[in-house]
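To keep things clear, I will list the structure first and then write my remarks on it.
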Amino acid sequence: MNLADELEAVLFAADAPASLEILAAALNYSEGQIAQGLEVLEARLEAKGGLQLVQIGGGYQLSTKPEYADSVARFLKPRPQRLSRSQLEVLAIVAYKQPVTLAEVDTIRGVQSDYGLRLLVERQLIEEVGRKMTPGRPLLYGTTDRFLHQFKLNSLEQLPPLTEDGKADLGKFNVL
Amino acid sequence: MNLADELEAVLFAADAPASLEILAAALNYSEGQIAQGLEVLEARLEAKGGLQLVQIGGGYQLSTKPEYADSVARFLKPRPQRLSRSQLEVLAIVAYKQPVTLAEVDTIRGVQSDYGLRLLVERQLIEEVGRKMTPGRPLLYGTTDRFLHQFKLNSLEQLPPLTEDGKADLGKFNVL
Amino acid sequence: MRNELAKFSVSPPCVTALGVVAPPPIQVESDTFSGPLALLFEFVRDRRVNLLDIPLAPVCESYFLYLLSSDRSNLDESAAALVALAYLIERKAWAMLPAPEEEPIEVEEGAALGEGCIGDYQFAIAALTEFEAERLKLFFRPEGAFPSIPPEIINHEIDHLAAAFAAILGRAEPSPFETVHRARRSLASMMKSVLDAISHEYRSLEQIIPAPFTREDAVYWFLAILELIRLGSARLRLDDGNVHFARAAA
């Protein structure tokens, strides 16, 4: 048991960069001692292993070494599943016409869209936002914050504007 | 750059146990090679540092070493809540008798267990696994992957067996 | 169930806090349950009453009676009642089916144990307690803690999104044509107003049209004057490049 190892364990379990101050308070050392411990840890990690110590956002954090970025990306890859063409269609309709009911999506697409809609709800890209005050009180759907995040949008206003003939004016839209 | 370090980087980035199969597919090695790499990694981590390799929930995962538990807990502050005695009772019955209905748990414990059961469902240690085909179609419960993870089990087979006279056969049980 | 007890609300449907329409207060009377349909629905759902003891035929009859006597505008309410009724019928149908002799879902080892009592599990409980204590000493990476690779960012898919919408708009049915409900004006009535407004004295259009006026008013006035000129009831004259209008001599 030594301070460098203790710091490694703590930084491993942290979900954000930890400052000298916070580390010192949690581990009962002075900030100077913590800084020394971090130096030892940094040197040990640099010499061996797949991890490194980085100073980021005013604190310290463990990260993978850059040379393993490809492996890590390949390992994490299966998660960002691309949306299928039909999911994209449903999502586009919900994004531009929200709040919108399943029946309205069906009408616009000309095919049943309940499966696609459900998948998008599962992926938390769209969600129920209320009920339409028409017979049957059908559910209304809208996009989520996750949708904004996934498409790198700051707000819905950043959706590319559509011109009147129904074609998206992609030229005007600047992808971040 | 070597396989053990690569595995360390990948496992660091993972937030759930990764199986040999998944690791082999992601890193383009055979499962045998991955197993060897993990052995090297395990030995290196054991010799030095604050982390260790654990086999849990059907896969491999990095964790902090037990000797740093207090430091990490102090750093993270909100300590994971322990299960109460009655929750443990319900959980044990579900674990050994799954799939099992609430009424069956009640019978064995001799007291109503719906509250405990609900808490365990909320903590995602047990879940509904179907319905029993008897009148009333009561829900059947079973344990989750999270249950394995929380009790450091690799699979349900690692639960200590109960002998016929109701006493567990301690000798056969091998803690990891 | 007595039909005379079925009293129905005909006025606006009762919308609950969730925006769901409550079924109408159809009264259910039996030996084991007495109360409105909605309450029966709740009791059955929560397994507080045995559905097998409650005859559903009179409830259905009462529902039909309600349909006949209720207003057409209560479609939501009758739909809500139908849903509740359908649920009860389905539940009862299931409950009346004979239970299969053997359980189809079974775990071979676990189920081999008898019913048992909690004492049989003392060891298991002790073992789990021990495992938990050990496990609580381990900390794993928190979920979603790997920040270097954004989880699900797919570059440029936003363009595809817009393109998908544009493509789908091409295929869309035109929205139903909506008539604009504005008071229709006829040119004839407008011509009458214009005739009243002009005199034998030549005046410009601005002087003739009573202010304030909209663009649409201006168009109507202008068209009416042109029509009057065509019919010979009005005349126009050019003064210094400005057009002036007057009533034609009788």
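Letters A, B, ... mirror the listed sequences (proteins, then strands); counts begin at 1.
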Exercise. Are any of the side-chain heavy atoms of B/Leu7 and B/Tyr60 separated by less than 4.5 Å?
Worked result: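 No, side chains not in contact.
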Exercise. Which atoms form the tightest heavy-atom contact between B/Asn154 and B/Leu148, and what is the distance?
Worked result: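 Closest heavy-atom pair between B/Asn154 and B/Leu148: O-CD1, 4.0 Å.
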Problem set entry | Minimum heavy-atom distance between C/Glu134 and B/Lys152, given as atom pair plus value | OE1-NZ, 3.3 Å
Problem set entry | Best-contacting candidate, B/Glu89, B/Gln52, B/Lys65, against chain C by heavy atom pairs under 4.5 angstrom |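 It is B/Glu89.
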Seminar exercise, completed: Ranked by heavy-atom pairs below 4.5 Å to chain C, first place among B/Ala95, B/Ser63, B/Gly142, B/Ala92 goes to B/Ser63
Exercise. With only heavy atoms counted, which part of B/Leu88 is less than 4.5 Å from chain C, the side chain, the backbone, both or neither?
Worked result: both
Exercise. Of the backbone (N, CA, C, O) and the side chain (C-beta and beyond), which part of B/Ile56 lies under 4.5 Å from a heavy atom of chain C, both, or neither?
Worked result: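 When you check distances to chain C, only side chain atoms of B/Ile56 fall under 4.5 Å.
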Problem set entry | CD-CZ distance between B/Gln87 and B/Arg123, expressed to the nearest 0.5 angstrom | 6.0 Å
Exercise. Heavy-atom distance under 4.5 Å to chain B: side chain of C/Ala126, backbone, both or neither?
Worked result: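 It is neither, since no heavy atom gets under 4.5 Å.
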Exercise. Is the OH atom of B/Tyr115 crowded by more than 12 outside heavy atoms at less than 6.0 Å?
Worked result: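 No, not enclosed.
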